[in-house]
Every structure is written in C-alpha cells, then in structure tokens.
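The structure appears below as structure tokens.
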There are 2 protein chains.
Amino acid sequence: MSMMKNKASWKKSSDLAFDMKRKADEAIKVFGKDRVINAVLGVLTDDNGKIIALESVYDCLDKLDRADLASYAPIEGDKAYQEKVIEILFGPYKPKSYIKAIATPGGTGAIRAGITNFIGKGDPLICHDTFWGVYKKMADEFERDFRTYQFLDENYTFNFKAFKEELEKALGDSNRLAIILNSPGNNPTGYSLSNEQWDKLLDLLRKKAEDKDKNLSLIVDVAYLEFAGDGNSQREFFQKFENLPPNLFIEVCFSMSKAYTAYGLRSGAAVGISSDKKAIEDFYLAFAHTARVNWSNTNHGAQKVLVELNKKENLGKYNKDLGMAKALLKKRADIFVSEMAKEKIPMVPYFGGFFAFIPTDKAFDISNLLEKDQIFILPSDKGIRIALCSIATSQIQRLVGSLGKYL
Amino acid sequence: MSMMKNKASWKKSSDLAFDMKRKADEAIKVFGKDRVINAVLGVLTDDNGKIIALESVYDCLDKLDRADLASYAPIEGDKAYQEKVIEILFGPYKPKSYIKAIATPGGTGAIRAGITNFIGKGDPLICHDTFWGVYKKMADEFERDFRTYQFLDENYTFNFKAFKEELEKALGDSNRLAIILNSPGNNPTGYSLSNEQWDKLLDLLRKKAEDKDKNLSLIVDVAYLEFAGDGNSQREFFQKFENLPPNLFIEVCFSMSKAYTAYGLRSGAAVGISSDKKAIEDFYLAFAHTARVNWSNTNHGAQKVLVELNKKENLGKYNKDLGMAKALLKKRADIFVSEMAKEKIPMVPYFGGFFAFIPTDKAFDISNLLEKDQIFILPSDKGIRIALCSIATSQIQRLVGSLGKYL
C-alpha cells in the first residue's frame with residue numbers, strides 16, 4: 001500500500017514539455033548549442049538561446065523598495081495590482097460589466113481556480129482538442145469531466161459546429177459546465193478566434209443561458225495576448241463580454257509570464273466578469289479562499305512591478321522593449337512560414353503567439369526522428385508544436401528541412 | 001443559484017489575521033504609528049514598524065543574473081535548491097533516511113500538499129488545539145476530518161496523554177491518518193517540544209505502526225525554526241527521524257519566509273523522510289503533480305538566493321544579519337516576559353518564535369477592548385496571540401498594561 005493516498009493521476013504526472021526541454025539541454029551539453037535546435041518550451045529567447053529578460057521590467061524590480069519585495073501581499077493581491085491588471089488587460093475594450101481581479105501564481109493558478117470553483121465533480125469541462133496538457137491534468141486531478149471538440153475544421157478555421165454539438169451534449173448531461181478557450185495565440189496551434197467567431201460563440205452561449213437552470217462559465221486563457229496582434233486589435237473581443245445573462249460567467253486568465261518575461265516570478269490574475277453584482281462578489285470570495293488554502297498570497301514584488309511599469313513615466317521604455325521582443329518573434333515567424341510554404345508542408349495559419357503547429361497523427365514518431373538531428377519539438381496526438389519563441393533565426397531553415405524530410 | 005459551485009467553505013473565508021492587520025493599518029492612518037500597537041501579523045519589523053528585509057538576502061537577489069530571475073524553475077524546483085534546503089534544514093542533525101525535497105510556494109504549499117496527498121477524504125488530520133487557522137481551512141476545503149487534542153496541559157507542557165488518546169481514537173476510525181505538528185516556536189503559543197517529548201511521540205507512532213494496515217504521516221511545520229533556539233540545538237529532534245517503520249512517513253515543511261525575511265517571495269519546500277525508497281519516490285511524484293496542477297513551478301529567483309547565500313563566501317554576512325534580527329526579537333521577548341511577570345499575567349512559557357500566547361476563553365472580548373486602546377492582537381478560542389515580532393520595544397510596557405487591565 002502506498003504512503004500516498006490512493007489516487008492514480010500523479011503516477012503519470014511527468015510533464016512532457018519539461019522532459020523534452022531536459023533532453024534538449026542535455027543535447028546542448030554534448031553537441032553545443034549551435035548544433036541543437038530547442039523548439040520546446042514557451043519562453044522567448046534571443047538568437048543565442050538566452051532567455052530574454054526585458055530590461056525595463058528588471059530595472060523596475062531592482063528599484064523597488066525592499067520592504068515591498070519582502071512583505072506579504074494581501075491574499076487577493078494589492079488593490080493597485082488588481083486595478084492595473086484590469087486596466088491593461090482590457091485596454092480600450094473594457095466591457096461594461098461587474099469586474100474584479102484576484103492575484104494568482106501565473107496563469108496556472110487562475111485556470112486552476114476556475115476549474116475548481118465554477119464546476120463540481122463530474123461536471124463537464126469543454127476544451128478544444130488541441131490544448132495545453134495541464135488543462136486535462138487539472139480536470140483529472142479534481143475529477144471534472146474533460147471533454148473535447150475538434151477545434152479547427154479542414155480549412156483550419158474554428159469549428160463552430162463541433163463546439164455547438166459538444167456544448168449541447170454537455171448541457172444534456174449537466175446543469176453546470178465550464179468551457180476553457182485559449183485564444184488569441186492558442187497554445188499549441190497559434191490560432192486566434194476572429195471577432196465574428198467570438199460573436200457566434202457568445203450568441204450561442206447567451207441562447208443556452210436562456211434556460212435559467214443552467215450555469216455556464218467561460219474560462220478564457222489569454223497568456224499569449226501581447227504576442228498575438230498589434231497591441232489593441234486582439235483585445236476587441238473583450239468588449240463583447242457585456243450584457244451577459246446572469247448565469248453566464250466569464251473568467252479571463254491573465255499572466256505576467258510572457259508579456260513581462262516574468263515566467264519565474266509567478267504572477268498572474270483571475271479576472272471575473274459578470275452582469276450580476278452578487279456573482280462577482282461570490283467569485284472574489286471563492287477565489288480568495290482557493291488562494292488561502294493552496295498557495296496563500298503571491299509574489300509581492302511582481303505585483304509592484306506591474307503597477308510601477310505601467311505608470312506614464314515608465315511605460316514608454318517597457319513598450320519599446322516589448323516591441324523589440326515582438327519584432328524578433330515576428331521575424332522568425334515570417335521566415336518559418338515562408339520556408340514551410342517552399343517545402344509545401346501544411347500548417348495551421350500563424351496568427352501570432354509563441355508557437356506554430358503542424359497537424360499530423362505521427363507527431364511522436366517524427367519527434368523521435370527529429371531527435372536524431374538534435375531537433376527537439378513538442379509532439380502531441382494532434383500534431384507538432386514548434387516554439388518559434390525559442391529557436392534561433394539562423395536555425396529555421398535546417399528545422400524546416402528536417403520537418404520536410406520526415407513528414 | 002450561485003455561479004460558484006455549491007461549496008460552503010469559501011463563504012466564511014475571510015482571514016482573521018489579515019483582517020486585524022487591516023484594522024491596525026487603518027488605525028495607524030488615523031492616530032499615527034506611535035499611538036497604535038500592531039501585534040497581529042507574523043512579520044518581523046524594526047522598532048519603527050518597518051518590515052526587516054535582511055540586507056544580505058536582498059543584495060544577493062539584486063546580484064542574480066536576470067536570466068535566472070526570468071526563467072521558469074523546474075516544477076519540482078532546482079536540484080541545487082532541493083539539495084541546499086535539505087542541507088540547511090537539518091544542519092548536523094540530518095537523519096539517516098531516504099530524503100527528498102520539492103519546492104513549494106512558502107510553507108503553505110508544503111502543508112497543503114501534505115494534507116491532500118497523505119490522506120483522503122474523511123481521513124483524520126490530528127492537530128493541537130491551538131493552531132494556525134489555515135490548517136483547518138485546508139482540512140475543510142479538502143474534506144479531511146480535522147480533529148484536535150489539548151496541546152498543553154495545566155502546566156503548559158505538551159499533553160502527551162491527550163495526543164495519545166486522540167491518536168488511538170483516530171486509528172480506531174481509519175487506517176490512514178495524518179498528524180500536523182507546528183514546533184519549534186509553535187504558532188500561536190510559541191511552544192517547542194523537547195527532545196524527550198519528541199522521543200515519546202515517535203515511540204508511540206512507531207508502536208502504532210506495528211499494525212501494517214495503518215498508514216501514518218507526520219507533517220512537521222518548522223516555519224519558525226530559526227527563531228526558536230541558538231541555531232542548532234532546536235534541530236536535534238530531526239535526527240530522530242531515522243529507522244522509521246515503512247508505514248510512518250514524515251514531511252518537514254520548510255519556509256524561506258521568516259528565516260530569510262522573504263515572505264513576499266513565496267518560497268518554501270516539502271521535505272519527505274522515509275525508510276522506504278519507494279515511498280520517497282511516490283512522495284516526489286505525487287507532490288510534483290500537486291505543484292503542476294495548482295501553482296506550476298515556484299519563484300526561481302528565491303531558489304537561487306537560497307543557494308547563493310549559503311555559499312561559504314556569503315554565509316557569514318547572512319548569519320550576521322540573522323543574528324541581529326534574532327537579538328532584536330529576543331530583547332522584546334525578554335522585556336515582555338518580565339513585564340508579564342510583574343503584572344502576574346499567566347502566559348505559555350516563551351520558547352522562541354515570533355509569538356507569545358496568553359490562554360483565555362475571552363480572547364475576542366478582550367481584543368475588542370484592546371482595540372479601544374489602539375492595540376491589535378490576534379484572538380482565538382484558546383487565547384490571545386501577541387506578535388512579538390512586530391511590536392516596537394518601547395510599546396511593550398503599554399501593551400502589557402492594557403492586557404493587565406482587561407484580563
């Protein structure tokens with residue numbers, strides 16, 4: 001009998017992305033970094049493979065009062081942090097709804113709190129069939145019923161019909177369900193829903209919410225928001241989150257990891273949106289309780305950085321830094337897309353974000369072959385994820401060459 | 001119907017310690033800090049009420065490579081961090097057992113992971129009857145059966161008899177149980193178990209583990225370790241954690257918050273100890289999985305600081321800083337104990353740690369009266385907790401005067 005309680009899910013706990021990264025790191029030790037292509041982890045690196053830490057962000061951290069770094073943040077996060085998250089997340093597209101934010105450890109904490117608070121055991125959690133593996137791990141751990149629909153149809157377009165069918169099936173099974181949607185810059189496909197697709201999706205949810213016995217929650221993971229558009233255009237859909245029926249709740253999961261190159265600081269937020277004041281108050285209490293009994297408060301310095309950096313006098317420098325990071329990513333993506341077209345390898349159209357995606361049901365086999373060329377990617381049942389964020393511009397041609405060879 | 005799933009525990013989620021702190025902060029705004037005594041929160045402040053941030057710790061953080069701050073730590077924490085935690089936690093008293101450490105967000109994450117992994121729903125979690133309220137919140141959240149025994153007898157000594165009775169009762173009800181014990185420098189009483197008391201307790205657990213159907217886990221919260229002795233003497237009990245029966249597992253919950261004045265960084269570790277290699281491997285997998293599905297990895301910079309600071313060339317400076325902090329706390333404790341004796345107010349003998357404790361069943365009434373004198377403490381069913389760590393030395397006499405007036 002195990003000393004750990006009888007629960008199987010942790011037995012298959014190893015994280016493929018971190019495992020592949022480890023393999024790549026080992027290959028670099030043996031062969032040197034010029035001969036290894038590490039296209040695994042969702043971290044933005046420069047063309048020498050060094051992680052990019054935006055100067056403005058870390059200058060700001062350095063300048064903080066040590067008392068701010070050392071002290072506990074409130075369980076729910078600093079008020080100023082909460083307000084700043086809401087301001088910068090929505091930009092000019094803040095919906096006219098009740099909105100509250102709570103600090104979380106990265107986007108992970110916000111997603112976890114959504115999955116455990118919106119739905120109970122056995123309730124459906126509907127997700128696209130290409131997804132960040134941790135969503136399913138969470139659903140399994142907390143015994144939510146993880147269900148998927150085909151995300152993209154044969155034209156690589158959001159498969160509304162498949163979504164609608166899955167939603168209707170789940171509504172037939174349960175009065176309470178949640179939907180998780182990772183857009184813009186979906187991980188792993190890079191796909192972003194268009195404004196028109198958002199309209200269709202929200203119209204459908206509004207219609208289903210006419211049945212007042214139903215509780216619908218939509219969890220929107222926007223981890224790659226800053227890298228999936230020109231800065232504002234990719235935010236337009238937020239404004240659609242108003243005039244919601246009271247039994248349709250929306251949570252946007254905010255993360256500092258990518259936009260502030262602050263992966264290791266562990267700072268994010270859960271942002272609740274509702275037309276019902278009571279629902280937002282409940283959200284705030286329930287999510288604060290989740291924080292209290294799991295991780296307590298979160299990194300105080302990171303919260304202070306977000307507030308400081310978004311002051312007028314500092315914002316110009318940060319925007320310049322972010323612009324350079326975005327330009328680097330765009331340059332790599334342009335080359336990758338053009339090389340892929342030359343090799344005639346089909347891929348999901350690139351909308352932005354850290355990843356490109358090649359649909360195939362042989363991703364694990366191909367991954368094994370690529371490893372022989374010292375190329376490391378993230379395979380899944382649905383295809384191959386290429387971390388454009390972490391490959392050197394000069395390596396793209398060799399990468400696409402090997403892909404062409406094995407696909 | 002609430003948009004949050006039907007679960008009552010979050011409805012009474014507010015954290016009394018943070019609420020009392022807020023009251024104290026508001027009083028300081030109105031009356032000025034010289035007229036307010038804030039003896040609420042477990043954070044070490046100087047005599048001007050400013051949080052102490054050890055210079056050596058934050059100098060070290062400043063000097064880190066920004067790539068280390070920005071990058072993700074592995075889910076389980078850096079290998080170097082894990083090794084360093086084990087080394088400094090046990091000092092010269094490392095037990096000869098299988099030992100592994102996993103990074104967690106503060107001590108909270110380590111305790112939470114213990115409560116959810118060692119026992120299942122409805123299994124007993126045995127705790128002393130004076131305890132950090134979050135233990136019970138966690139037990140309630142995860143539906144563990146929280147049971148208490150009288151911690152200290154009429155002589156303010158560990159009530160072994162009460163513990164034994166509660167343990168035997170729980171063993172009669174369940175094959176799987178966990179015990180949580182916060183020592184040395186127990187929060188809220190300040191009490192520390194002696195080496196002889198540890199022997200008695202472990203002998204009892206060893207005896208009960210002769211029944212191989214039983215799974216016993218002991219969670220030891222040592223958040224206040226560094227402030228509860230001369231540096232090494234309070235670690236002697238760790239060496240008793242060897243030759244354990246395979247069905248007795250021990251987890252020590254390590255925190256950087258107090259010893260490194262790093263509350264806001266959120267860094268700690270779960271340290272598993274077992275005579276069974278397989279049990280330790282299971283522990284490592286299970287706790288890593290808990291991290292993955294709740295908070296992902298933890299603050300990378302904090303992990304690097306622990307490793308750097310404990311290098312020979314940096315350790316002298318840190319030990320000097322820590323020594324000054326400990327001396328300040330000791331000075332306050334000495335004055336407090338002496339004033340309490342003068343006023344003839346009974347209190348739990350002070351063993352170290354951040355708190356002193358006055359047993360009374362009228363703590364909430366007295367807290368209300370103290371508030372009129374602009375004195376803020378943490379009341380509980382069992383008594384009044386005084387945060388010696390956060391009051392100015394010059395305020396102690398007034399504090400004890402008011403306590404004498406109302407008790």
Side-chain angles (χ1 to χ4, degrees), chain A residues 1-6 9-11 13 15 18 43 50-51 53 58 61-62 66-67 69-75 105-106 108-109 112 117-120 134 137-138 141 176 215 217 247 249 261-266 274 279 282-283 285-286 288-289 292-301, chain B residues 1-6 9-11 13 15 18 43 50-51 53 58 61-62 66-67 69-75 105-106 108-109 112 117-120 134 137-138 141 176 215 217 247 249 261-266 274 279 282-283 285-286 288-289 292-301:
Chain A
M1 188 166 47
S2 169
M3 283 307 295
M4 302 300 126
K5 81 181 155 63
N6 185 25
S9 64
W10 56 265
K11 290 178 187 165
S13 163
D15 189 280
F18 280 85
V43 166
K50 183 158 188 186
I51 190 170
Y58 290 91
L61 188 67
D62 274 354
R66 289 179 171 189
L69 291 169
S71 60
Y72 287 120
I75 297 292
T108 298
R112 185 279 190 207
N117 281 304
F118 296 136
I119 52 176
V134 179
K137 277 184 205 263
M138 288 178 179
E141 170 75 7
R176 185 178 284 274
N215 275 267
S217 295
N247 52 337
F249 194 96
T261 61
Y263 320 88
L265 300 186
R266 314 304 306 133
S274 173
D282 283 358
F283 157 81
L285 288 174
H289 181 71
R292 174 72 283 185
V293 298
N294 285 288
W295 51 75
S296 187
N297 42 65
T298 64
N299 189 325
H300 205 182
Chain B
M1 189 164 50
S2 170
M3 282 308 293
M4 301 300 125
K5 82 182 153 61
N6 186 25
S9 65
W10 56 265
K11 290 181 186 162
S13 163
D15 188 281
F18 279 87
V43 167
K50 184 159 185 184
I51 190 170
Y58 290 91
L61 188 68
D62 274 356
R66 288 179 172 189
L69 290 169
S71 59
Y72 287 119
I75 297 293
T108 297
R112 186 279 191 207
N117 282 304
F118 296 135
I119 52 176
V134 178
K137 276 183 206 264
M138 288 178 180
E141 172 74 8
R176 186 178 283 275
N215 275 266
S217 294
N247 53 336
F249 195 95
T261 62
Y263 321 88
L265 300 186
R266 315 302 307 131
S274 173
D282 283 358
F283 157 82
L285 288 174
H289 181 71
R292 175 71 283 184
V293 297
N294 284 288
W295 51 74
S296 187
N297 43 64
T298 65
N299 189 325
H300 205 181

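A note on names: the letters A, B, ... follow the listed sequences, proteins ahead of strands, and every chain is numbered from 1.
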Q. Which residues pass the side-chain hydrogen bond (donor to acceptor under 3.5 Å, both in side chains) test with B:Arg266, sequence neighbours left out?
A.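 In terms of side-chain hydrogen bond (donor to acceptor under 3.5 Å, both in side chains), with neighbours along the sequence ignored, B:Arg266 is linked to A:Asn297.
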If you take all heavy atoms of [X] and [Y], which pair is closest and at what distance?
X	Y	value
A:Phe118	A:Arg176	O-NH1, 3.0 Å
A:Val293	B:Met138	O-CG, 3.7 Å
A:Trp295	B:Thr108	C-CG2, 4.0 Å

Checking [X] against chain B: side chain, backbone, both or neither under 4.5 Å from a heavy atom?
X	result
A:Leu69	both
A:Ala67	both
A:Ser296	both

Q: Examine whether an atom of B:Ile119 lies under 4.5 Å from a heavy atom of chain A, and if so say whether it belongs to the side chain, the backbone or both; otherwise answer neither.
A: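 For B:Ile119, the backbone is the part near chain A, not the side chain.
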Q. So which part of B:Thr261 gets closer than 4.5 Å to some heavy atom of chain A, the side chain, the backbone, both or neither?
A. backbone
Q) B:His300 and B:Tyr72: side chain to side chain contact (heavy atoms under 4.5 Å, CB included), yes or no, with the steps? A) CA-CA 6 Å; B:His300 205 181; B:Tyr72 287 119; 5.8 Å; no
Q: Identify, with sequence neighbours excluded, every residue that meets side chain to side chain contact (heavy atoms under 4.5 Å, CB included) alongside A:Ala279.
A: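 Counting only residues at least two positions away or on another chain, A:Ala279 forms a side chain to side chain contact (heavy atoms under 4.5 Å, CB included) with A:Phe249, A:Ser274, A:Asp276, B:Met3.
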Sort out for me which of [options] touches chain A most, counting heavy-atom pairs under 4.5 Å.
options	result
B:Gly301, B:Gly109, B:Ala53, B:Ala70	B:Ala70
B:Val43, B:Leu265, B:Asp62	B:Asp62
B:Ile51, B:Asn294, B:Val134	B:Asn294

